Amino acid sequence: YEEFCKAKKYFKYFLDSFMSVDFLSEFVGLGFAEINMKEKEVNSLTQTVFYSTDLMRMQANRQEHDFAKECINQMARSTLRKYCSRFEGGQDTHQRYKLNIKIGHGYTYSKYNTLMHFLNVAECYWRNPDLSNIQVFGKDIRSLLVVSCQKIFFDQGHSGYYHYGPFEMLTAYRNELDLAVANSTGYVAPECNRQKRNNMNNVVITDRVFEFGYLKNILKGVFNRANGVQFKSDNEVLNLTLLSLMLDFGLYEKFVKILNLPFLRSLQHEADTKELQVKVANLIYDFDKKNHTDNVTRLKVEELIFEVSNKFLVNKNFPVASQQFKLIRTLNSDPDYQSYVVLCKIYMSLCQINKSVEVDYYKVRCNGQFRIIIPQNFSKTTGDYLDAITMHYTFSERGDGFMVYDELRIFDLRPHQPEINLYKVRFDAALDVQSMVKYIEVSNVFRVVGSEQQHLIFVADNMLLIE
């Protein structure tokens, strides 16, 4: 301490500028972060020691036989370059910034405002049956993720959009920009006001975030200008993307009929989101059963969608060893995964709309096809019995909305959530006789609609009508 006080050059500099930017530019603190007093003594290896930056730059690549000195040199080799790129150089409080707001200049996946481009193409080629997803999105799944995972804000007083997600590029030598996502806080991260090589700070703004009402009006205008004409292209990805946007912005019930999706025609009530959720879940399940070669699962895709929905992907030095990159590379290997990704996004939206991860339903077979019924009161036992009995016997659905067997109406399927009930019938002895069997009770009995006296019992490949 006395020797340090006598060194006027360092002592006065220490008093005037300790822990300032100038001090951190002149000296670098090296040492182990963790201190365990039971195992080590207090020395240069267990506390932070400030060394001259110039000295450690010369010592970093030298090898020492002394263990303590070699540890310090190793610390300098691993941290000095990043440290100097942040603190070294003259200081200036006046900073100039260069904003890079053009989308697609090496920092984002989209080469343009992809959502507006997609809506413009869909509207201009609404009656073109040859329009395909490859023409609109290309083969990269990331372009589809940009459209499906729109980030929005709610501010009725602000009609338009904000640029969002800026992050600052360091211009030092051998700079590393290894961000997988941009900064989501909406402002440039603060740092010391060092001089730049070109006296300029480069700030990249990744993408736009639209106000909910502004974007909803744009979508409503596109669908209204279709004048009720169905989307001519039968491309599944394009139609599913439009369906996803309708669900996210509350336009599904009004404009669902203009979509060209065959599975929507099979729904009893097209505007029923619970019935749609069951149908989408079954489509995802069927795809998972067919896919045995890749390790793509619905859970992994949903995690990727969640990340993209909350963060901005950047295209600069994307870490190839990350799980997201491996999944994206696998999804790009097969064009069928584009439909699968949008189906997963639609299912996530429907879970939010219906406030339920799963919807309870009955699966029955009518007119030779499976029919999904979402009842008011669900029973797993009833569901299993209906699934088995309708596979074994021939049921049909008439045009008036009733499910019938042998011209007897047993269920009224016209409501969105019909009442599906099975009953018990008890047979008592007609005469007062002594017997071990007092009565016979039959479960899973159908009752004819509009009559409390007529019941149907299916037993031994036969149907009994009880009145």
Side-chain angles (χ1 to χ4, degrees), residues 262-290 356 358-467:
F263 71 82
L264 291 178
R265 309 286 88 83
S266 64
L267 300 179
Q268 182 70 14
H269 308 95
E270 289 184 346
D272 188 359
T273 54
K274 290 186 177 181
E275 193 172 347
L276 177 63
Q277 182 177 349
V278 174
K279 186 64 178 180
V280 172
N282 289 335
L283 292 175
I284 296 174
Y285 177 73
D286 292 340
F287 187 92
D288 289 336
K289 286 198 304 183
K290 297 177 183 177
S356 175
E358 293 184 357
V359 176
D360 296 325
Y361 66 95
Y362 297 146
K363 184 174 69 172
V364 298
R365 189 176 179 85
C366 290
N367 301 328
Q369 297 180 345
F370 284 106
R371 169 83 157 76
I372 294 173
I373 301 175
I374 301 175
Q376 290 186 0
N377 300 317
F378 176 79
S379 170
K380 187 177 184 305
T381 304
T382 302
D384 295 339
Y385 180 77
L386 289 176
D387 188 12
I389 204 68
T390 56
M391 286 288 294
H392 192 69
Y393 296 89
T394 304
F395 290 80
S396 60
E397 183 180 355
R398 300 194 311 195
D400 56 0
F402 286 91
M403 180 175 173
V404 300
Y405 182 85
D406 196 20
E407 299 300 324
L408 296 174
R409 298 185 299 179
I410 55 176
F411 294 133
D412 184 1
L413 304 181
R414 290 175 297 178
H416 280 199
Q417 291 184 265
E419 291 189 6
I420 305 295
N421 297 314
L422 297 180
Y423 300 88
K424 291 183 179 180
V425 174
R426 174 171 168 171
F427 297 94
D428 293 310
L431 302 177
D432 188 12
V433 296
Q434 296 292 329
S435 173
M436 295 294 294
V437 179
K438 299 296 183 181
Y439 63 88
I440 298 175
E441 187 177 86
V442 181
S443 302
N444 297 325
V445 178
F446 295 85
R447 189 168 70 183
V448 177
V449 176
S451 173
E452 296 185 357
Q453 302 299 325
Q454 291 182 312
H455 296 80
L456 277 71
I457 300 176
F458 294 91
V459 58
D461 293 337
N462 290 289
M463 186 273 289
L464 301 179
L465 178 59
I466 309 298
E467 295 185 355

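FYI, side chains are in, hydrogens and waters are out, and symmetry mates aren't considered; it's all heavy atoms of this structure. Keep in mind that this is a model prediction, so the values were computed, not measured.
From Leu408, atom CG reaches atom CG of Leu465 across 6.0 Å, with rounding to the nearest 0.5 Å. Atom CZ in Arg447 sits 3.5 Å away from atom OH in Tyr423 (nearest 0.5 Å). Within the model, atoms CD1 of Ile466 and CD of Gln453 stand 12.0 Å from one another, a figure rounded to the nearest 0.5 Å. The structure places CG of Asn282 at 7.5 Å from NZ of Lys363, a figure rounded to the nearest 0.5 Å. Here Leu456 contributes atom CG and Asn444 contributes atom CG; the two are 13.0 Å apart, rounded to the nearest 0.5 Å.
Residues Met403 and Phe395 approach most closely at CE-CD2, 3.6 Å, considering heavy atoms. The two residues Tyr362 and Ser379 make their nearest non-hydrogen contact at OH-N, 2.9 Å. Taking all atoms of both residues into account, the shortest heavy-atom contact from Leu386 to Phe411 is CD2-CE1, 4.2 Å.
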*With ring-ring contact (aromatic ring centres under 6.0 Å, His included) as the test, would you mind laying out the steps for Phe446 and Tyr405 before giving the verdict?*
CA-CA 10 Å; Phe446 295 85; Tyr405 182 85; 8.5 Å; no

*Let me see the working for Asp384 and Lys380 under salt bridge (Lys or Arg N to Asp or Glu O under 4.0 Å), right down to the final yes or no.*
CA-CA 6 Å; Asp384 295 339; Lys380 187 177 184 305; 3.1 Å; yes

*Between Arg426 and Tyr439, is a side chain to side chain donor-acceptor pair (under 3.5 Å) present by the stated rule, with each step listed?*
CA-CA 7 Å; Arg426 174 171 168 171; Tyr439 63 88; 4.6 Å; no

_Would Lys424 and Val442 count as a side-chain contact (heavy atoms from CB on, under 4.5 Å) here? Give the steps._
CA-CA 6 Å; Lys424 291 183 179 180; Val442 181; over 6 Å; no

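Inter-residue side-chain proximity for Asp272 and Leu276 is flagged as unmet; no heavy-atom pair is nearer than 4.5 Å. Contact check for Asp406 versus Met463: side-chain heavy atoms found under the 4.5 Å cut-off.
A salt bridge links Asp412 with Arg414: at least one charged nitrogen is closer than 4.0 Å to a carboxylate oxygen.
Here the options are Ile373, Ile410, Val364, the test is side chain to side chain contact (heavy atoms under 4.5 Å, CB included), and the partner is Ile420; only Ile373 passes.
Shown here is Met391, whose CE atom has no more than 12 heavy atoms of other residues, nucleotides or ligands within 6.0 Å. The environment of CD in Glu441 is crowded: more than 12 heavy-atom neighbours from other residues, nucleotides or ligands sit within 6.0 Å.
Checked against the 6.0 Å centroid criterion, the rings of Tyr393 and Tyr385 do not qualify as a close aromatic pair.
Between the Ser451 side chain and the Val448 main chain, no donor and acceptor come within less than 3.5 Å of each other.
Counting only N and O atoms by type, the side chains of Glu467 and Gln454 include a donor and acceptor under 3.5 Å apart.
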